[in-house]
S.K.: 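First, the structure itself, so that you have it in front of you.
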Amino acid sequence: MHETKANSDLASNEGDQAYLRLQYPKIADVLVWPELVEAFRQHEDTAKRLKLGSRRNCLFSIGSIVLSLATTLVGTSPMFAPLVSGHPAGAYVVAVASFLLLVLALLFGNGILYGRKRDDWLKHRLIAERLRHFYFQTILANLSSICCGSSLERRRFIEDRGRTLERVLRRLRSPGYRQAVLGDEALQEARLVDFGEVNAEAIDAEYFQELEQYWIELRFNWQGEYATQQLARKASALPFSGSLADQEHSVSRIEFITTAGIVALQALAVAGMFIYAPGSPVIEGSMLGASILAILVVGLQAFKDGLGLTNDLSRNRVYASYTAKLLRDFVSAQRIPDRAAQVRIMQEMEDLAYFETREFLYTHSTARFSL
């Protein structure tokens with residue numbers, strides 16, 4: 001049995017091409033596109049590497065500023081004042097440590113290091129996803145040639161698509177393309193190729209039937225299942241990796257526990273005011289602990305906002321729902337059958353995929369720490 005992996009919709013993994021030739025023998029030759037897959041892999045691999053570095057910088061930035069604030073708070077608290085003042089360089093060491101941690105936070109966060117890595121990550125992520133869009137759009141734009149039953153037409157299509165790929169790659173890799181997509185509120189950049197008119201008379205029913213099943217499996221279902229997986233949660237209490245829902249749940253759970261700790265320490269401090277004298281270690285320690293936990297809560301919220309977890313979850317929820325709706329419409333048109341409606345729905349799926357990518361790009365391009 002063929003095991004599906006990431007990007008199997010582009011037939012980029014070992015065994016994917018054999019699966020296509022087995023399941024869709026009439027159109028498999030046009031579904032396999034080695035040149036596009038190679039270009040996709042270059043940007044996909046780079047995007048993954050840069051994303052890891054970008055997230056690492058985000059974590060370092062949040063951690064550094066939380067530690068800087070906590071160090072300043074501890075160094076200036078009444079509890080530790082005797083310890084700091086008891087050493088000649090005590091106050092100086094605390095001040096230098098807080099300052100260096102703050103500088104690191106700014107460098108990794110809103111400074112050059114994090115900004116460059118994030119922007120490079122988004123550039124390559126955008127190109128990779130746009131190549132995925134181009135793959136399916138090219139099939140739609142040449143539907144009449146692919147499903148006409150003529151091997152000569154399909155061979156001509158395979159020979160010609162390379163030139164189109166080079167032109168599109170030149171456009172995607174241009175310096176201003178990312179900004180063009182960011183400002184594309186009318187979705188004018190959605191279609192990388194002109195779909196044109198479908199010659200219904202030239203379409204062979206058997207070829208089109210294979211294309212229908214292929215589109216259901218590796219476009220509608222593939223996209224819908226990916227988005228749905230991002231909304232699913234594991235059974236473990238604090239999964240820090242995995243789906244977006246896993247990550248968001250983990251951060252929210254720690255945030256809740258930390259908030260509960262603040263309430264408990266504050267209650268202890270208030271109770272201590274009735275029992276102990278002013279300046280008691282119990283009161284001061286409780287207030288210091290609550291203040292440090294409050295800083296941690298702010299850091300967790302900044303981390304969640306910086307990664308755009310909440311927005312990503314919302315976007316995937318909408319994407320999964322709308323993809324499911326398009327699939328239902330497609331199957332209904334398939335039963336009639338109404339090929340014109342089917343083609344229109346397939347084209348709408350491509351517009352939706354671009355919209356989702358643009359929203360992803362906008363969310364992460366505008367994400368800022370809330371500290």
S.K.: To the closest 0.5 Å, what do you measure between OG (Ser314) and CD (Glu359)?
M.R.: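 Atom-to-atom, Ser314:OG and Glu359:CD are 9.5 Å apart.
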S.K.: Please determine if Glu159 and Arg156 form a salt bridge, counting it only when a charged side-chain N lies under 4.0 Å from a carboxylate O.
M.R.: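 Result for this pair is no, no salt bridge flagged.
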S.K.: Determine, for Glu350 against Arg219, whether the closest basic-nitrogen to carboxylate-oxygen distance falls under 4.0 angstrom.
M.R.: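 Salt bridge: yes.
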S.K.: Would you mind checking if Arg163 and Asp160 are paired as a salt bridge, meaning a charged N to carboxylate O distance below 4.0 Å?
M.R.: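 Between Arg163 and Asp160 there is a salt bridge, with a charged N closer than 4.0 Å to a carboxylate O.
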S.K.: Is Asp45 salt-bridged to Lys48, cutoff N-O under 4.0 Å?
M.R.: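 Judged by the 4.0 Å cut-off on N to carboxylate O distance, Asp45 and Lys48 do not form a salt bridge.
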S.K.: When you check the side-chain N and O atoms of Tyr322 and Glu348, is any donor under 3.5 Å from an acceptor?
M.R.: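 Indeed, the side chains of Tyr322 and Glu348 share at least one donor-acceptor pair under 3.5 Å.
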S.K.: Determine, for Asp119 against Lys123, whether the closest basic-nitrogen to carboxylate-oxygen distance falls under 4.0 angstrom.
M.R.: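 Salt bridge between Asp119 and Lys123, a charged N being under 4.0 Å from a carboxylate O: no.
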S.K.: Say you draw a straight line from CD of Gln42 to CG of Leu131; how long is it, rounded to the nearest 0.5 Å?
M.R.: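 Going from CD on Gln42 over to CG on Leu131, the span is 9.5 Å.
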S.K.: Specify whether Tyr135 and Trp33 have parallel, tilted or perpendicular ring planes, treating 30° as the upper limit for parallel and 60° as the lower limit for perpendicular.
M.R.: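 Rings of Tyr135 and Trp33: tilted, as their planes differ by 30° to 60°.
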S.K.: Hey, mind stepping through Ser98 and Thr72 against side chain to side chain donor-acceptor pair (under 3.5 Å) and telling me if it holds?
M.R.: CA-CA 6 Å; Ser98 299; Thr72 302; 2.9 Å; yes
S.K.: In terms of hydrophobic clusters joined by side-chain contacts under 4.5 Å, are Met349 and Val318 together?
M.R.: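 Different clusters.
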S.K.: If you round to the nearest 0.5 Å, how far is CD1 of Ile139 from OG of Ser145?
M.R.: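 Rounded to the nearest 0.5 Å, the OG-CD1 separation comes to 12.5 Å.
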S.K.: What distance do Arg315 atom CZ and Thr310 atom OG1 have between them, rounded to the nearest 0.5 Å?
M.R.: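 Going from the CZ atom of Arg315 to the OG1 atom of Thr310 covers 12.0 Å.
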S.K.: To check you understand the geometry: which heavy-atom pair defines the closest contact between Lys26 and Tyr207, and what is its length?
M.R.: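 Distance-wise, the nearest heavy atoms are O-CE2, 3.3 Å.
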S.K.: Over all heavy atoms of both residues, which pair between Arg161 and Val30 is shortest? Give the atoms and the distance, please.
M.R.: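 So the two residues come closest at NH1-O, 2.9 Å.
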S.K.: Hey, what else clusters with Ile336 if you join Ile, Leu, Val, Met, Phe, Trp, Tyr whenever side-chain heavy atoms sit under 4.5 Å?
M.R.: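 Result for Ile336 is none, singleton.
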S.K.: With Trp215 as reference, evaluate Phe136, Tyr24, Phe208 under the ring pair (Phe, Tyr, Trp, His ring centres under 6.0 Å) test and give the passing residue.
M.R.: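 Running ring pair (Phe, Tyr, Trp, His ring centres under 6.0 Å) over Phe136, Tyr24, Phe208 with Trp215 returns exactly one hit, Phe136.
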S.K.: Determine, for Arg130 against Glu189, whether the closest basic-nitrogen to carboxylate-oxygen distance falls under 4.0 angstrom.
M.R.: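 Answer for the salt bridge query: no.
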S.K.: Salt bridge between Arg171 and Glu166, side-chain N to carboxylate O under 4.0 Å?
M.R.: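 No salt bridge links Arg171 with Glu166.
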S.K.: Gln137 and side chain to side chain contact (heavy atoms under 4.5 Å, CB included): which single residue from Asp351, Val193, Asp194 fits?
M.R.: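 With Gln137 as partner, side chain to side chain contact (heavy atoms under 4.5 Å, CB included) holds for just one option, Val193.
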S.K.: Taking Asp29 first and then Arg154, would you say they form a salt bridge - that is, a charged N and a carboxylate O separated by under 4.0 Å?
M.R.: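 A salt bridge is present here (some side-chain N lies under 4.0 Å from a carboxylate O).
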